[in-house]
Amino acid sequence: MTKRELTCIGCPMGCLVTVELDGDTIASVSGYTCPKGKAYAENEVKDPKRTVTSTVRVVGGKRERVSCKTASDIPKDKIQDVMREINSAVAQAPVGIGETLISNVAGTGVDIVATSSVGKYHG
């Protein structure tokens, strides 16, 4: 059996959670104080996911970049592929909050959406 110790990020308590694995099977989870802790630990050892935040270049805007994020969590092992697409993306001003900047980023089925607005430059 192998053990993994994790600090839960499911709530502000930050519990130290221990997951015992028998091969690929979760044998036990201990140390959590709320249901979120158990769910977080199980997901983290079986299928870790993350939200990615970044910026996308904007052409013709009052600012050169717009903040963005994944619309939902993506598999942790896809972060580098997602960042490559974000870094090569270009948005045309104006950009509105919630606007989809990249659809189905890196084949994840998740969109990259703007988290701020950038108006058009009228110079």
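Owing to the predicted nature of the structure, the values given are computational and were not obtained by experimental measurement. Start at 1 with the first residue, then count along the sequence.
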What pair of heavy atoms forms the shortest contact from C34 to C11, and how long is it?
SG-SG, 4.0 Å
Output for pair (L21 CG, T2 OG1), nearest 0.5 Å, gives 4.5 Å
Minimal non-hydrogen separation, V58 against A93, with atom names:
CG1-CB, 3.9 Å
Ignoring hydrogens and angles, state whether a donor on the side chain of R57 or S88 is under 3.5 Å from an acceptor on the partner side chain.
no
Quick one: CD1 on I9 to SG on C15, what's the gap to the nearest 0.5 Å?
12.5 Å
Determine whether I26 and Y32 fall in the same hydrophobic cluster, where Ile, Leu, Val, Met, Phe, Trp and Tyr are linked whenever their side-chain heavy atoms lie under 4.5 Å apart.
yes
Applying the 4.5 Å side-chain criterion to the ILVMFWY set and letting contacts propagate, would L101 and I97 be lumped into a single cluster?
no
Side chain to side chain donor-acceptor pair (under 3.5 Å) between R63 and S116, intermediate numbers included
CA-CA 11 Å; R63 292 183 311 175; S116 64; 3.2 Å; yes
I'd like to know if the side chain of E99 reaches the main chain of G96, judged simply by a donor and an acceptor atom lying under 3.5 Å from each other, with no hydrogens or angles considered.
yes
I would like to know whether I112 and V82 meet side-chain contact (heavy atoms from CB on, under 4.5 Å); could you show each step before the answer?
CA-CA 9 Å; I112 299 295; V82 167; 4.2 Å; yes
Around atom NZ of K46, are there more than 12 heavy atoms from other residues, nucleotides or ligands closer than 6.0 Å?
yes
Whether D47 side chain and N43 backbone form a donor-acceptor pair below 3.5 Å
no
Are side-chain heavy atoms of V29 and T18 found at a separation under 4.5 Å?
no
Which heavy atom in V95 sits nearest to a heavy atom in A114, and how many Å separate them?
CG1-CB, 3.7 Å
Take atom CD in E64; do more than 12 heavy atoms of anything else shown fall under 6.0 Å from it?
no
Rounded to the nearest 0.5 Å, how far does CD1 of I74 lie from CD1 of I79?
5.0 Å
Give a yes or no on whether the backbone of D111 and the side-chain of S103 come within a donor-acceptor separation of less than 3.5 Å.
no
Could you tell me if the side chain of K3 sits less than 4.5 Å from the side chain of V19, heavy atoms only?
no
Contact between E44 and K76 at the side-chain level, heavy atoms closer than 4.5 Å - yes or no?
yes
Looking at side-chain heavy atoms only, is the closest gap between Y40 and V17 below 4.5 Å?
no
K69, NZ atom: more than 12 neighbouring heavy atoms under 6.0 Å:
yes
So, the side chain of D73 versus the backbone of K49: is there a donor-acceptor pair under 3.5 Å, distance only?
no
Least distance between heavy atoms, G37 atom then C8 atom:
CA-SG, 3.5 Å
Contact between R4 and L6 at the side-chain level, heavy atoms closer than 4.5 Å - yes or no?
yes
Ion pair E85/K78, N-O distance below 4.0 Å
no
Starting at CZ of R65, measure out to OG of S54 and round the result to the nearest 0.5 Å.
6.5 Å
Within this structure, what is the CD1-OG1 distance for the pair I86 and T53, rounded to the nearest 0.5 Å?
8.5 Å
With no hydrogens and no angle check, is any side-chain donor or acceptor of T108 less than 3.5 Å from a backbone partner on V110?
yes
In terms of heavy-atom contacts, does CE of M83 have more than 12 from other residues, nucleotides or ligands at under 6.0 Å?
yes
Where K36 and G10 come nearest, the two heavy atoms and their spacing:
CD-O, 3.4 Å
If two hydrophobic side chains count as joined below 4.5 Å and joins carry through other members, does V113 share a cluster with V52?
no
For the residue pair T55 and S67, confirm or rule out a side-chain donor-acceptor distance under 3.5 Å.
no
